[in-house]
Amino acid sequence: MTLDQDTIQKLAAHLEDAELDVRAVAKITDTHPTLDWDDAYAIQAAIRARKEARGQRVAGLKAGLTSRAKMKQMGVDTPVFGLLFDYMSVANGGEIEASKLIHPKVEAEIAFVLKQPLRGPGCHAGAVLAATDFVVPAVEIIDSRYENFRFDLTSVIADNTSASRFVVGDVARGVEGLDLRTLGLVMEKNGEIVAMAAGAAVLGHPAIAVAALANHLARRGEEIPAGTFIMSGGATEAIPVAAGDAIHVRFQDLGSTSMRFV
Ligand code: OOG
Ligand code: MG
């Protein structure tokens, strides 16, 4: 930790206000270059406390920057972890108001729901699969609060890993008989294919991203509780969207997820 409590609270307010006012701001490492990982997660926790004080609730957890495509697009090399809140959830096939977002992008992800808690350290893909109740297809709408979507790892962690909205499809399947590495997905924007991937794009197997989250939380003395919804990270690079765009992602064996930006 390099920042005092007062600075952490101020930066949390600064970033959350940018989200609520739909306004991009300079990345916080420009003004706080010493900001380290613990500071960044402390700012993210302070944003959570602000939202919870307003009656909003955590609806799930997310891993991000878990695929080569995403790491390359953003110029970073390590996964990050963030929080999904209840107000971010959009019904499958639903509408998203583009004017409430700064510069949204969409990414296709495989999401997990646990039937047993997961605790690190030493959590691995096998433990994740054994603890998984079912997987569902999902699309995350990310919306960095930073100008031009430019950031470094600590800035993006503090900004709750760009979390903004998410859409979950309606086909849920147990992992038995599903090979999540070869499970393919095709993303269409306005009827044109804009991205394709297989589950293995996410750290070799999307369950590895969930294990990494459990190991990350273990360093803070926390576990992932049973019942938790977890997004494993974009398998393809993120695609910019604007009002008028329709997104449809077809997942092999898992149906599809769609939304319209209005
Ligand atoms: C950070 C969030 C990344 C993912 O799935 O890779 C993320 C960003 O790229 O803005 O959610
Ligand atoms: Mg994501």
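When a residue number appears, it is its place in the shown sequence, counting from 1. Computed from a prediction, not measured in an experiment: that's the story for all the values here. Atoms within a ligand are numbered from 1 in the order they appear, just like the ligands themselves.
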Run the side-chain donor-acceptor check on residues 114-130: report pairs under 3.5 Å with partners two or more places apart or on a different chain.
| unit_1 | atom_1 | unit_2 | atom_2 | d |
| --- | --- | --- | --- | --- |
| Arg119 | NE | Glu223 | OE1 | 2.7 |
| Arg119 | NH2 | Glu223 | OE1 | 2.5 |
| His124 | ND1 | Gly126 | N | 3.1 |
| His124 | ND1 | Ala127 | N | 3.1 |

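Scanning for ring-ring contact (aromatic ring centres under 6.0 Å, His included) contacts around Phe229 gives Phe166, with sequence neighbours left out. In this structure, Glu176 has no side-chain contact (heavy atoms from CB on, under 4.5 Å) partners at least two apart in sequence or on a different chain.
Between the side chain of Asn160 and the main chain of Ala163, no donor-acceptor pair closer than 3.5 Å is present. At distances below 3.5 Å, at least one donor-acceptor pair connects side-chain atoms of Ser232 with backbone N or O atoms of Ile110. A donor-acceptor pair is defined here as one N or O able to donate and one able to accept, closer than 3.5 Å; no such pair exists between the side chain of Thr29 and the backbone of His32.
Interface of Lys62 with ligand 1, defined as ligand atoms under 4.0 Å from a residue heavy atom, comprises 2 (C), 7 (C), 11 (O). Atoms of ligand 1 lying under 4.0 Å from at least one heavy atom of Val156, given by number and element, are 1 (C). Within ligand 1, the atoms closer than 4.0 Å to a non-hydrogen atom of Gly234 are 4 (C), 5 (O), 6 (O), numbered from 1 in the order shown. Remark: ligand 1 atoms within the under-4.0 Å shell around heavy atoms of Gly233 are 5 (O). Against a heavy-atom cut-off of under 4.0 Å, Phe149 is close to the following atoms of ligand 1: 10 (O). The ligand atoms of ligand 1 that sit less than 4.0 angstrom from a heavy atom of Ile142 are 8 (C), 9 (O), 10 (O), 11 (O).
The protein heavy-atom contact nearest to atom 9 (O) of ligand 1 is Lys70 NZ, 2.8 Å. When only non-hydrogen protein atoms are considered, atom 2 (C) of ligand 1 lies nearest to Thr161 O, 3.2 Å. The nearest heavy-atom contact from the protein to atom 6 (O) of ligand 1 is Leu65 N, 2.7 Å. Among all protein heavy atoms, the one lying closest to atom 7 (C) of ligand 1 is Glu107 OE2, 3.0 Å. Protein heavy atom nearest atom 10 (O) of ligand 1, with residue, atom name and distance: Ser162 OG, 2.6 Å.
Surrounding CZ of Arg50 are more than 12 heavy atoms belonging to other residues, nucleotides or ligands, all under 6.0 Å away. In Met196, the CE atom is not crowded: 12 or fewer heavy atoms of neighbouring residues, nucleotides or ligands sit closer than 6.0 Å.
Under the salt bridge (Lys or Arg N to Asp or Glu O under 4.0 Å) test applied with Glu16, the options Arg48, Arg54, Lys10 reduce to a single match, Arg54.
Note on Lys70 versus Glu107: salt bridge recorded, some NZ/NE/NH1/NH2 to OD/OE distance being below 4.0 Å.
Using a 4.0 Å cut-off between heavy atoms, Glu109 contacts ligand 1 through its side chain alone, with no backbone atom that close.
Between Gly64 and ligand 1, no pair of N/O atoms sits closer than 3.5 Å.
Judged by the 6.0 Å distance and 45° axis criteria, Lys62 is not positioned over the aromatic ring of Phe81. Remark: Lys51 qualifies as a cation-pi partner of Phe85 under the 6.0 Å distance and 45° angle criteria applied to the six-membered ring.
Neighbouring protein atoms of the Mg ion (ligand 2) (N, O or S, distance under 2.8 Å, waters ignored): Glu107 OE2, Glu109 OE2, Glu140 OE1.
Side chains of Gln9 and Gln5: a donor-acceptor N/O pair is present below 3.5 angstrom, by distance only.
For the pair Lys105 and ligand 1, no heavy-atom separation below 4.0 Å is found.
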